[in-house]
Structure formats: structure tokens, C-alpha cells
Amino acid sequence: MRQKITVVGAGNVGATTAQRLAERDYADVVLVDIVEGMPQGKALDLNQAGPVVGYEPSITGSNSYDETSGSDIVVITSGLPRKPGMSRDDLLAANKKVVEQVTKEVSDRSPDSIIICVTNPLDAMCHVALEVSGFPRQRVIGMAGILDSARFRTFLAWELGVSARDVTGFVLGGHGDTMVPVVSYTNVAGVPVTQKIDAMRLEEIVQRTRDGGAEVVKLLKAGSAFYAPAAAVAEMVDSIVFDQKRVLPCAAYCDGEYGIDGLFVGVPVKLGREGVEEIVEIELSDEEMKDLQRSAGSVRELVDAMAKL
Ligand SMILES: NC(=O)c1ccc[n+]([C@@H]2O[C@H](COP(=O)([O-])OP(=O)(O)OC[C@H]3O[C@@H](n4cnc5c(N)ncnc54)[C@H](O)[C@@H]3O)[C@@H](O)[C@H]2O)c1
């Protein structure tokens, strides 16, 4: 059955996500933004690409939420991106207000939807979406791990001169400077990367992954990454719409898993029709577990700081 997907925020990430989803041709897409005319204009432009690319022109742009009613999936990308020198956490106060307001609007009109949050600081914004919507934890998911892992996989593919498709890697933890690229589960067609790259070089690649977002921000000067983030969102949407049960790193609300309680953190999840159908617990080395707990600690600090705003 054709799906209905709302994308809130028609900026770089939102519009590119709408494009990727439109090109898949399995959903009617509603694009919402506060800037007058902008979502309508981008939707019109996207519709007019339909006959050329080969998809139905069923994208609606709007400044209001009435058109979003009954959405199966809502992607929240509204809010400020970072500027050079800023950390994702610097966006906390401004984006909290945006995500609160948007979540209220969409959850009232699409009470059975699954929310995919993209706005930064990601893990904290997932808390806002969960609280304001009152949805069960299975239906509020954050996009970050797929993107961070894709960066890791790209750098590893370049290093080894192999196809990026054959590089598997997980980046777990909060979507910030403390993220945890899990080297022990990173392999090339099943061969552990530790057999192919020496420890020092691997550490450099891990660090470049952690700084992956900042590297793009520095080059762009205005705005942050959006092609890879939008691709990551579309992979999550595919897995939900087609009940693929892909195991993907996403921000999910942990309720004891990995010893983390009441917190959104990047963990491997099974994504299907119901949203997060399982948080997959993998065995981590002592060091990796320590890093994951440290990363969860910095998400906790942010969530606590947000409560005081
Ligand atoms: N989770 C991730 O891995 C990841 C990756 C990339 C970007 N991001 C985050 O996604 C967000 C969007 O990034 P972007 O590059 O698309 O930014 P952008 O500035 O291009 O677009 C954001 C859009 O949100 C709109 N907006 C602001 N307030 C709104 C409101 N109350 N209601 C509806 N729309 C509103 C703005 O008008 C703008 O068009 C940022 O917070 C960014 O940091 C997260």
C-alpha cells in the first residue's frame, strides 16, 4: 500500500530526504517548513522531476500541518544546523523549542506514526520527541549511527581500495564527539579490519570518523552535511515500510539494554514495520563498553541540562 510520509523542515536535509523518498515512488510525501512558499516551491520542483526520473508527482509542500494527517512516518529535520566551530550541543536551546512545537503538531495529527528524528543535538532531541508525542519507545527513533557508520565505511574503503559495499562497520553511542566506532565488529567481507590496517592508522580513521560532520561543516562554511544524512534516513524508512528488519545503528531509547537506563543512545536495532522491534545487544570489549558508557554519560548531561532550560 502507498505510504504517507511527512518531512518537517524543507532545508538541506529535509528537501534531500523528500527527493530520495519521492524517487523511491512508494509514498506520498508532505514537506513542511515555516518559510512561506519554500516547501511549496521545492515540492513543485520535485513533482516536475517525476516524469523525467519516473515517479508519481505526489509531493505536497505546506506551511501548515493539516496536510500531514494520517502519516505513517514523520521525519523531523527542522531546526538550526551548526556553523563552523560550533558543536552539535550548542544547538540545544534553539532546537528544543522547534522540536517540541513540531512534535506536538505531527503527533496530534498522526497518532500512529513512527517518528524519525534528525535534528541535532540528536539524542537529546529524540527525548523531546518521545516526551511530547507520548508515543511508545518503539516509535521514536533517531538517525545518526547509519551516517556515522557510513563515514567510517567510506574512509575504510578508501584506505583499503575496496568497494564500500563490502565494508561493514558500526558506530554506536551518542551522536557527538564521544561516538564509538566499534572496531571489533568492523570488517571487509568478513575479514576483521584489524588484520588489514595497523592500530595507529586505524585510530586516525576512527578520529576522522568522529570529526566527520565537523569536516564537512568546515568546508561548507554555511550549513552542514545533507546528502549522506538524507540517504541514511531513506535507508531507515525503507526498512520500516518494507518490514525489512534490517539491523542498523540508530538512536533508540534504552531501558536497561547495554546497562543504559532511560536514555536515547546509538545502538544496533532491528527496524521493521513496528519501528524499533529489538535493541540488539552485541558483546563489546571492556574498552568499547567503557567508551559506550562514557558516551551515554555525555548524552545524560545534555538531557539534564535540557531539563533546566
Ligand atoms: N542526525 C544527524 O546525523 C544529522 C545530520 C545532518 C544534519 N542534522 C541536523 O538536522 C537539522 C537540519 O539540518 P539542515 O542542514 O537541513 O538545516 P537547514 O537550515 O538547511 O534546514 C532546516 C529547516 O528547518 C526549518 N525550520 C526551522 N524551524 C522550524 C519550525 N518550527 N517548523 C518547521 N520548520 C522549521 C527552517 O526554515 C529550515 O528550512 C539540523 O539540526 C542539523 O544539525 C542532523
Side-chain angles (χ1 to χ4, degrees), residues 6-20 30-43 61-65 67-68 74-84 86-106 115-129 132 140-152 171-177 179 209-217 220-236 248-252 264-266 299:
T6 288
V7 180
V8 186
N12 280 338
V13 178
T16 312
T17 299
Q19 180 190 352
R20 292 200 192 275
V30 182
L31 192 55
V32 180
D33 203 286
I34 44 170
V35 179
E36 253 174 65
M38 193 264 267
Q40 293 87 340
K42 289 193 178 178
S62 182
N63 300 119
S64 86
Y65 286 85
E67 292 85 343
T68 70
V74 175
V75 182
I76 300 179
T77 76
S78 46
L80 300 176
R82 28 182 192 157
K83 298 197 173 78
M86 273 174 102
S87 93
R88 294 176 180 92
D89 299 356
D90 296 333
L91 304 168
L92 189 69
N95 284 352
K96 177 186 182 234
K97 287 202 194 90
V98 173
V99 174
E100 263 170 1
Q101 182 244 328
V102 167
T103 304
K104 176 94 185 66
E105 300 279 6
V106 293
I115 295 178
I116 298 176
C117 189
V118 181
T119 305
N120 274 320
L122 192 268
D123 307 278
M125 293 305 109
C126 290
H127 275 267
V128 175
V132 174
V140 178
I141 319 161
M143 187 292 289
I146 300 175
L147 169 66
D148 297 327
S149 302
R151 289 178 172 148
F152 193 31
V171 178
L172 306 181
H175 183 52
D177 301 338
M179 69 178 77
T209 301
R210 287 202 188 97
D211 298 335
E215 188 177 351
V216 176
V217 170
L220 291 179
K221 292 179 190 76
S224 57
F226 54 99
Y227 293 114
V233 173
E235 186 172 54
M236 292 171 70
L248 299 166
C250 298
F264 272 92
V265 180
V299 175

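Ligands are counted one by one from 1 in listed order, and the atoms in each one are counted from 1 as well.
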Main-chain N/O of [Y] paired to [X] side chain as donor or acceptor, under 3.5 Å:
| X | Y | result |
| --- | --- | --- |
| His175 | Gly145 | no |
| Asp33 | Asn63 | no |
| Gln40 | Gly37 | yes |
| Ser149 | Val171 | yes |
| Thr68 | Tyr65 | yes |
| Arg210 | Asp148 | no |
| Thr77 | Gly9 | yes |

Among all the protein's non-hydrogen atoms, which is closest to [atom], and how far away is it?
| atom | result |
| --- | --- |
| atom 31 (N) of ligand 1 | Gln101 OE1, 2.9 Å |
| atom 20 (O) of ligand 1 | Asn12 N, 2.8 Å |
| atom 34 (N) of ligand 1 | Ser78 CB, 3.4 Å |
| atom 12 (C) of ligand 1 | Thr77 O, 3.0 Å |
| atom 41 (O) of ligand 1 | Leu80 O, 2.7 Å |
| atom 3 (O) of ligand 1 | His175 NE2, 3.0 Å |
| atom 19 (O) of ligand 1 | Pro81 CD, 3.4 Å |

Between Val35 and ligand 1, find which residue part has any heavy-atom pair under 4.0 Å and reply side chain, backbone, both or neither. side chain
[X] N/O under 3.5 Å from ligand 1 N/O:
| X | answer |
| --- | --- |
| Asn120 | yes |
| Val118 | yes |
| Gly79 | yes |

Can you name the atoms of ligand 1, numbered from 1 with element, that are less than 4.0 Å from a heavy atom of [X]?
| X | value |
| --- | --- |
| Val13 | 6 (C), 7 (C), 13 (O), 14 (P), 15 (O), 16 (O) |
| Asn95 | 41 (O) |
| Leu147 | 3 (O), 5 (C) |
| Met38 | 39 (O) |
| Met143 | 1 (N), 2 (C), 3 (O) |
| Pro229 | 5 (C), 6 (C) |
| Leu122 | 1 (N) |
| Val98 | 28 (N), 29 (C), 30 (C), 31 (N) |

Select the closest option to atom 39 (O) of ligand 1 among Asp123, Thr16, Val32, Asp33, judged by heavy-atom distance. Asp33
Any heavy-atom pair between the side chains of Val75 and Val8 that's under 4.5 Å? no
Looking only at heavy atoms, what is the nearest atom pair of Cys117 and Leu122, with distance? O-CD2, 3.2 Å
Within 6.0 Å of CG in Asp177, more than 12 heavy atoms from elsewhere: no
With salt bridge (Lys or Arg N to Asp or Glu O under 4.0 Å) as the test, would you mind laying out the steps for Lys104 and Glu100 before giving the verdict? CA-CA 6 Å; Lys104 176 94 185 66; Glu100 263 170 1; over 6 Å; no
How long is the span from the CE atom in Met125 to the OG1 atom in Thr119, to the nearest 0.5 Å? 8.0 Å
Work out whether the distance between some heavy atom of Ala225 and some atom of ligand 1 is less than 4.0 Å. yes
